[in-house]
Visitor: 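Can you keep this structure in mind? I'll have questions shortly.
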Amino acid sequence: MSSAILEGGAGMADGTPRRGVEQLSMQQALNRALDEVLAGNPKSLVFGEDCGRLGGVFRITDGLQAKYGPGRVFDTPLAESGILGMSVGLAMAGFHPIPEVQFDGFAYPAINQIVCQIARMNYRSRGTMPMPITLRVPSFGGIRAPEHHGESLEALFAHVPGLKVVSPSNPHEAYHLLKYAATRPDPVIFMEPKSRYWQKGEVDFDSADPSGSPAGGPPTGAKVMREGRHLTLVAWGAMVARCLQVAELAAEDGIDVEVLDLRWLKPIDEAALAASVRKTRRAVVVHEAPRTSGLGAEVAQLITQSCFDTLKAPVERITGFDVPYPSGDLEDEYIPNIDRILFGIQRVLEYRRG
Amino acid sequence: MDSTPSAGNDAGQLPEPLSGLLSGQPAGPLTAGQLRELYSLMVAVRHLDTSAIAWQRQGLIPGYAPELGQEAAQVGSGYAVDTARDFVFPTYREMGVARAMGVDMVAYMSTHKATWHGGLYDPLESRLAPIQAVVAGSVLHAVGWAHGQTLDQTDGVAMAYFGDGASSQGDVHEAMNFAAVMRAPVVFFVQNNGWAISVPTERQVAGGSVAARAAGYGIPALRIDGNDVVAVVDATRRAFAHARAGHGPVLIEAMTYRRGPHSTSDDPGRYRSLNEERDDAGEDPLERFRKTLLADGVADEAFFAEALAAAKAEEEHIRAGIQALGSRPGTEMFDLVFQETTPALQAQAANWREESEHV
Ligand SMILES: Cc1ncc(C[n+]2csc(CCOP(=O)(O)OP(=O)(O)O)c2C)c(N)n1
């Protein structure tokens, strides 16, 4: 029942036609978002390795070259620094590049261009040369891919002044976050959880509230994916779905878990984080990146800063280990699994001041 | 044991001929007025360059990357740029290019005053990208900008400067390949000044020359006498015409010589003797041009004296401008990171104001 319109009808208040709700995979939702960005902004360009005729190895750019032509959607030579360095020049020339690196591990050869050039050009040029570049990075593990095809680079990117970092957790988020990111005047690293590419979910195209906040507006902050009273699980990307599963299991034991999808890893929505933890008074951060100097440390510090007086226990981190991302057979040991997250919850709930 | 460096353009050694064919109209000869203008530019650049080293010694600026001996390569190539439609991507050593393009020199020098990375000139208006410290960092930017002109169907050409040392960077090779595959209108302008800090060209560039590599990408290359300003103007104009006509990128390797130190903190005595420097550098490009103009009756001593006086006046004006340059307000540190700032950055800025500005 893919792409079937389940709901629809009258136009929106601003006159745009309602498009309703569809069941889509994240891959389809991202493809739809790119399609609409290309249609809406003639200066937007989609390119990378195999993005054209093939539609990308994950098919995120499927059909776009046929629709927009090889000038707007194209294959580049196989060189990541080239792709990102060329993006800088295109942005200088007034374009809105949406490059792809094929897999997270291959962002490393482009780090020089990302960190020294893309992230700094607005600053270096005193605001005259903005870098409206949306770098799509198929990210994280969970698909038993070969070495370098599953990495969690969020802390590395978030640490770089001048970059913004976002990761969607489901098709609805993927659609809205990509549409938003790809229209911003600043560089955004868009980390797609590749293990979720084929998961379906409802995409509400007309959502008046992609913001995740009651006030509405653009999707600029974190989003409560499940309300709870006893503890906040903070996650992003592929870990959000796992945390929602954990919350269901915990509920069977009478533990009411709130799940906060951070969505933006830079800037982090500190207000949403504080609001959730001030309510639940306990927090566990879950990420699959290695622990040391990971984003979990940043999140824990932000929580300590804003909620120290109300916290019932130290913030717990359930993370990957400080080891190279292991091969497929050991992935399930490395990526936080349901048991490890449940143990973490238990430790926080049972914490007693010494 | 290193062999004796014989890099640069030995006197009497002619550059290799053209490799590859250039299409497009060769430019007509330069008029007497243009030749005199080129000389005036070279004198201005020579004078400013020499002064900048003195300024560093006097403590007016913390550091500078001199270009003594590269005036012909820089002025000649910069002179060929059409600032109405082209765009130039410099390194940290392109003062002469900037001057030839008419960039505000106080704003240019502000980088060396440590006022602002990239300089204070407006890159969009001047058509000169911000000063770049990562060698080869901006070569790919030139390719992207140039490809943008193709997509926009304009006839703008990008020119990327880099050195023989930078030619070892992977980005240069990615850039040449991208530009050739996409037929991007780019002029790769290599100033082979014989040295990358302490390493001579023959210990840097395998295959004999940077120009030789272009052939591997199907890019026509010119290896020219970079100390002959007229030859540089001519080659750059031909390269621009070729790229502008839609024939794709061109590489120019201008053989020149960096006299003196790599930067004001370099000690060239550790890697070459003054005698070697004198032997390898060949004739001073400024003196050489002066002799030609005199012999051809294009300019006389009175003109040279006038040009020097103008250069001195200009230098004094620039020095005064630099002296007057204050620091940028600290708020800019926070304001110019993003187009759309973040709450964390705003909070840090507010904190900084409270604790540092004492307001
Ligand atoms: C990527 C990078 N590595 C190292 C340096 C330090 N560095 C600055 S200039 C230089 C030598 C560059 O030589 P070349 O490209 O020939 O240019 P030249 O300085 O001779 O004009 C080096 C090693 C740098 N700026 N960038």
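Below, read A as the first sequence line, B as the second, and so on, with proteins coming before strands; counting in each chain starts at 1.
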Visitor: Between B:Trp145 and A:Phe95, does the ring centroid distance fall short of 6.0 Å?
Guide: no

Visitor: Who among A:Met86, A:Arg126, A:Arg72 has the most heavy-atom pairs with chain B under 4.5 Å?
Guide: A:Arg126

Visitor: Walk me through whether A:Asn112 and B:Val134 qualify under side-chain contact (heavy atoms from CB on, under 4.5 Å).
Guide: CA-CA 9 Å; A:Asn112 168 39; B:Val134 179; 3.9 Å; yes

Visitor: When heavy-atom pairs shorter than 4.5 Å are enumerated against chain A, which of B:Ala175, B:Gly148, B:Gly118 gives the highest number?
Guide: B:Gly148

Visitor: In this structure, is the centre-to-centre distance between the rings of A:Phe47 and B:His147 below 6.0 Å?
Guide: no

Visitor: If you tally heavy-atom pairs under 4.5 Å against chain B, which of A:Leu163, A:Asp269, A:Thr220, A:Leu84 wins?
Guide: A:Leu163

Visitor: Looking at A:Pro132, A:Pro109, A:Gly127, which makes the most heavy-atom pairs under 4.5 Å with chain B?
Guide: A:Gly127

Visitor: Measure from the side-chain N and O atoms of A:Asn122 to the backbone N and O of B:Leu336, and report whether any donor-acceptor pair falls under 3.5 Å.
Guide: yes

Visitor: Using non-hydrogen atoms and a 4.5 Å limit, figure out which bit of B:Val337 sits close to chain A: side chain, backbone, both or neither.
Guide: both

Visitor: So how far is it from A:Met129 CE to B:Gln339 CD, rounded to the nearest 0.5 Å?
Guide: 12.0 Å

Visitor: For B:Leu345, is it the side chain, the backbone, both or neither that has a heavy atom under 4.5 Å from a heavy atom of chain A?
Guide: neither

Visitor: Could you give me the CA-CA distance, side-chain angles and deciding distance for A:Tyr123 and B:Glu332, then say whether side-chain contact (heavy atoms from CB on, under 4.5 Å) is met?
Guide: CA-CA 9 Å; A:Tyr123 198 73; B:Glu332 286 188 351; over 6 Å; no

Visitor: Are B:Asp152 and A:Lys43 close enough for a salt bridge, meaning some N to O gap below 4.0 Å?
Guide: yes

Visitor: Answer yes or no: is there a donor N or O on one side and an acceptor on the other, between the side chain of A:Gln113 and the main chain of B:Gly137, under 3.5 Å?
Guide: yes

Visitor: Go through it in stages, so that I can follow the logic: the residues are A:Thr128 and B:Asp122, the test is side-chain contact (heavy atoms from CB on, under 4.5 Å), and I'd like the CA-CA distance, side-chain angles, deciding distance and then a yes or no.
Guide: CA-CA 7 Å; A:Thr128 61; B:Asp122 181 340; 4.2 Å; yes

Visitor: Search all heavy atoms of B:Leu151 against all heavy atoms of A:Gly71 and return the closest pair with its distance.
Guide: CD2-O, 3.4 Å

Visitor: Is chain B contacted by the side chain of A:Met92, its backbone, both, or neither, given a heavy-atom distance below 4.5 Å?
Guide: both

Visitor: Measure across B:Glu174 and A:Ala79 and return the closest heavy-atom pair with its distance rounded to 0.1 Å.
Guide: OE1-CB, 3.1 Å

Visitor: For B:Tyr121, is it the side chain, the backbone, both, or neither that has a heavy atom closer than 4.5 Å to a heavy atom of chain A?
Guide: neither

Visitor: For atom CZ of B:Arg85, decide whether the heavy atoms of other residues, nucleotides or ligands shown that lie under 6.0 angstrom number more than 12.
Guide: yes

Visitor: How long is the span from the OG atom in A:Ser87 to the CG atom in B:Leu140, to the nearest 0.5 Å?
Guide: 9.5 Å

Visitor: For the interface with chain B, which of A:Thr76, A:Ile268, A:Leu90 has the highest count of heavy-atom pairs at distances below 4.5 Å?
Guide: A:Leu90

Visitor: Taking all heavy atoms of B:Gln149 and all of A:Ala93, pick out the closest pair and write down the distance.
Guide: NE2-CB, 3.6 Å

Visitor: NE2 of B:His173 to OG of A:Ser81: how many Å apart, nearest 0.5 Å?
Guide: 12.0 Å

Visitor: Which atoms form the tightest heavy-atom contact between B:Thr342 and A:Pro267, and what is the distance?
Guide: CB-CB, 3.7 Å

Visitor: Checking A:Asp186 side chain against B:Phe338 main chain: does a donor-acceptor pair fall under 3.5 Å?
Guide: no

Visitor: Which heavy atom of B:Ala344 sits nearest to which heavy atom of A:Glu270, and what is that distance?
Guide: CB-OE2, 3.9 Å

Visitor: Name the region of B:Met333, side chain, backbone, both or neither, that has any atom closer than 4.5 Å to a heavy atom of chain A.
Guide: both

Visitor: Report the option among B:Thr111, B:Asp171, B:Leu120 that has the most heavy-atom pairs separated by less than 4.5 Å from atoms of chain A.
Guide: B:Asp171

Visitor: Taking every non-hydrogen pair under 4.5 Å, which of B:Gly170, B:Gly144, B:Ala158, B:Pro343 racks up the most with chain A?
Guide: B:Gly144

Visitor: Which atoms form the tightest heavy-atom contact between B:Pro130 and A:Met121, and what is the distance?
Guide: CG-SD, 4.2 Å

